[in-house]
Amino acid sequence: MGTVLSFDQYGKAENRVVRIYRDNPRHEIWDLNVSTALRGDFAAAHVEGDQRDVLPTDTQKNTAFVYAKKHGVTSPEDYAIAVGQRLIEASPKASGAQVRVEQYAWDRIDVDGAGHDHAFLRRGGAVRTTVVTLSGRNAEQLVRVVSGLRDLVLLKSTGSEFKGFLRDEYTTLQETDDRILATSLVARWRYAGTEVDWNSTYGAISASLLETFATTYSRALQETLYLMGAHVLKAHEEVAEIRFSAPNKHHFPVDLARFGLENSGEVFTATDRPYGLIEAAVTRDDAPEPGDAWLAVPSFL
Ligand SMILES: O=c1[nH]c(=O)c2[nH]c(=O)[nH]c2[nH]1
């Protein structure tokens, strides 16, 4: 029996890079979790134990810090592209790179109605993400950007039903025309190109996801995800495709009749396991091919 190395990439994962801009008294913070990986002809390292073409993961880590200073951070996407390009330049055997960045948001602490210059409060809720995949070297290089968010925890206390579903002899679920709908959303959208205002587009897409969740009636989480995706694609020509992974965070009404009490959608138990897991992708019908944009992107279809 023969064996071949069929896929490999290597790099430094979850490098915590914090960049402060302090050129004036009103500081700015970019709090990032950066994972880099090189792809290319690195078979010798795996098959022969030969490191001559291997730029150490330690060097990749250092590059992430150097670029936070030298290139700077104006958005996770722009920074990730710069780091990826540098890593490919520094590594003759590399044919590509993947740079994943998560951003943890901080708000200014409010003091007497104004945001403080240099004291911050970590914002709960969603983490902004990007996965930049560069393939090829120099002029032929393709840059693919998949941005998104995770841990966007949403709940609506009415405006959601689930009924009319298929039944078999194992079905016990009751139909409901008024339930809690809750999820912890992961969304990732693939940009058609790189001429994008990364920060304002992120803000607009996350606001659109929230608005659609809030304002549309849900016959199932499946329908809600599709509507969220369709609304984003309609408003954002620069987005080719959006993918969702959404746990259905079940809230079951508690039987209070046992205590002589009525429960009309007032008391629930929130369960964390098991959960329905609904995943969907919504794509523009004229979207450019994804190529390797989704290769090794965690938690996706
Ligand atoms: O929105 C839902 N989709 C389902 O597919 C499903 N299945 C289930 O038991 N509850 C729900 N809810």
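In what follows, residues are counted from 1 in the order of the sequence shown. We count ligands from 1, going down the list as the structure has it; atoms in each ligand are counted the same way.
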Nearest-0.5 Å distance, CD of residue Gln174 to CZ of residue Phe162: 13.0 Å
Closest protein heavy atom (residue, atom, distance) for atom 9 (O) of ligand 1: Leu173 CD2, 3.4 Å
Atom 6 (C) of ligand 1 [closest protein heavy-atom partner, distance rounded to 0.1 Å]: Phe162 CZ, 3.2 Å
Short N or O distance, Leu221 and ligand 1, threshold 3.5 Å exclusive: yes
Proximal atoms of ligand 1 relative to Ala220 (non-hydrogen, under 4.0 Å): 1 (O)
Lys/Arg cation over aromatic Trp294: Arg243, 6.0 Å, 45° cone: yes
Tyr202 six-ring face occupied by Arg128 cation (under 6.0 Å, within 45°): yes
Subset of ligand 1 atoms that lie under 4.0 Å from at least one heavy atom of Asn248: 1 (O), 2 (C), 11 (C), 12 (N)
Mutual orientation of the aromatic rings belonging to His250 and Phe252 [parallel < 30°, tilted 30-60°, perpendicular > 60°]: parallel
Cation-pi check, Arg122 onto Tyr104 ring (under 6.0 Å, within 45° of axis): yes
Close approach of Lys163 to ligand 1, heavy atoms, under 4.0 angstrom: no
Contacting atoms of ligand 1, where contact means under 4.0 angstrom from a heavy atom of Arg179: 1 (O), 2 (C), 11 (C), 12 (N)
Gln222-ligand 1 polar pair, N/O distance under 3.5 Å: yes
Parallel, tilted or perpendicular: ring planes of His27 versus His118, cut at 30 and 60 degrees: tilted
